Asks: 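My questions will all concern the structure given below.
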Amino acid sequence: MIRANRRFTIDEVAEELGISHERAQNIIHDILRYRKVSARWVSQQLTSTHQKQRMAVSLEHLVRYHEDGNDFLFRIVTGDETWVHHFT
């Protein structure tokens with residue numbers, strides 16, 4: 001259903017299949033590994049190119065860690081942000 005129309009909501013999927021909202025959400029998020037992005041369902045599976053890029057970056061970080069030790073780790077900045085613009 002999602003591949004045919006990526007604009008389905010969880011409620012629409014649940015109603016179409018005759019299952020609860022929670023069960024539909026579990027199937028979509030945990031089993032199928034989809035998430036909602038800009039009102040469309042997008043697969044979280046990485047392409048082989050993305051996997052190779054992640055591997056290359058990981059190896060580069062490992063080499064730099066062996067060269068610089070903990071000093072390298074203290075220079076890494078990580079974050080997980082969501083920007084939301086809200087009007088009242």
Side-chain angles (χ1 to χ4, degrees):
M1 289 175 57
I2 293 173
R3 286 184 183 158
N5 180 1
R6 292 182 182 235
R7 294 191 184 275
F8 267 119
T9 66
I10 292 175
D11 288 331
E12 291 171 336
V13 171
E15 184 178 327
E16 181 79 20
L17 297 176
I19 60 178
S20 70
H21 174 90
E22 292 79 15
R23 184 65 183 141
Q25 183 175 9
N26 176 268
I27 291 169
I28 292 169
H29 288 275
D30 300 337
I31 297 172
L32 297 177
R33 311 265 307 145
Y34 277 87
R35 61 189 171 104
K36 199 77 155 174
V37 176
S38 299
R40 291 183 176 207
W41 290 106
V42 178
S43 176
Q44 291 182 344
Q45 296 175 354
L46 296 176
T47 65
S48 60
T49 304
H50 290 135
Q51 290 174 350
K52 289 175 186 174
Q53 289 174 341
R54 284 189 177 194
M55 184 67 173
V57 169
S58 297
L59 288 174
E60 180 184 333
H61 285 168
L62 186 60
V63 168
R64 290 182 65 188
Y65 173 73
H66 285 297
E67 292 173 355
D68 299 338
N70 284 338
D71 291 337
F72 168 69
L73 295 178
F74 293 130
R75 291 188 306 231
I76 295 176
V77 177
T78 61
D80 184 13
E81 294 183 1
T82 302
W83 288 82
V84 178
H85 200 69
H86 179 72
F87 288 103
T88 56

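These numbers come from a predicted model, not from an experiment. Position 1 is the first residue of the sequence, and the numbers go up from there.
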Asks: Identify, with sequence neighbours excluded, every residue that meets ring pair (Phe, Tyr, Trp, His ring centres under 6.0 Å) alongside Tyr65.
Replies: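 Once residues adjacent in sequence are excluded, Tyr65 has no partner under the ring pair (Phe, Tyr, Trp, His ring centres under 6.0 Å) criterion.
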Asks: Sequence neighbours excluded, which residues qualify as salt bridge (Lys or Arg N to Asp or Glu O under 4.0 Å) partners of Asp11?
Replies: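 With neighbours one apart ignored, the set is empty.
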Asks: Decide yes or no for His29 and Tyr34: does some side-chain heavy atom of the first lie under 4.5 Å from some side-chain heavy atom of the second?
Replies: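 Contact flag for His29/Tyr34 side chains = no.
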Asks: Counting only heavy atoms not in Glu15, do more than 12 fall under 6.0 Å of its CD?
Replies: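 Atom CD in Glu15 is not crowded, with 12 or fewer foreign heavy atoms closer than 6.0 Å.
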Asks: Quick one: does Ile27's side chain get under 4.5 Å of Val13's, heavy atoms only?
Replies: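 Contact flag for Ile27/Val13 side chains = no.
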Asks: Among the clusters formed by ILVMFWY side chains lying less than 4.5 Å apart, do Leu62 and Phe74 turn up in the same one?
Replies: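 No, because Leu62 and Phe74 fall into different hydrophobic clusters, even though each may have its own neighbours under 4.5 Å.
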Asks: Verify whether the ring centers belonging to Phe72 and His66 lie closer than 6.0 Å.
Replies: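 Phe72 vs His66: aromatic centres not under 6.0 Å.
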Asks: Which heavy atom in Ser20 sits nearest to a heavy atom in Ala14, and how many Å separate them?
Replies: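 Closest approach of Ser20 to Ala14, heavy atoms only: O-CB, 3.7 Å.
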Asks: To the closest 0.5 Å, what do you measure between CD1 (Ile28) and CD1 (Ile2)?
Replies: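 If I round to the nearest 0.5 Å, the distance is 4.0 Å.
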Asks: When rounded to the nearest 0.5 angstrom, what distance separates OG1 in Thr9 from CD in Gln25?
Replies: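 Output value for this atom pair is 11.5 Å.
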Asks: Could you tell me if the side chain of Met1 sits less than 4.5 Å from the side chain of Leu17, heavy atoms only?
Replies: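 When only atoms from C-beta onward are counted, Met1 and Leu17 do touch, with a gap below 4.5 Å.
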Asks: Only pairs under 3.5 Å count here: list side-chain donor-acceptor contacts from residues 48-60, not counting sequence neighbours, and write none if there are none.
Replies:
from: His50; atom 1: ND1; to: Thr47; atom 2: OG1; distance (Å): 3.0
from: Ser58; atom 1: OG; to: Arg54; atom 2: O; distance (Å): 2.9

Asks: Would a single hydrophobic cluster contain both Val63 and Leu73, if residues Ile, Leu, Val, Met, Phe, Trp and Tyr are joined by side-chain heavy-atom contacts under 4.5 Å?
Replies: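 They do not share one cluster, since no chain of ILVMFWY contacts under 4.5 Å joins Leu73 to Val63.
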Asks: Can you tell me how far the CD atom of Glu16 sits from the CG atom of Asn5, to the nearest 0.5 Å?
Replies: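 Between atom CD of Glu16 and atom CG of Asn5 there are 10.5 Å.
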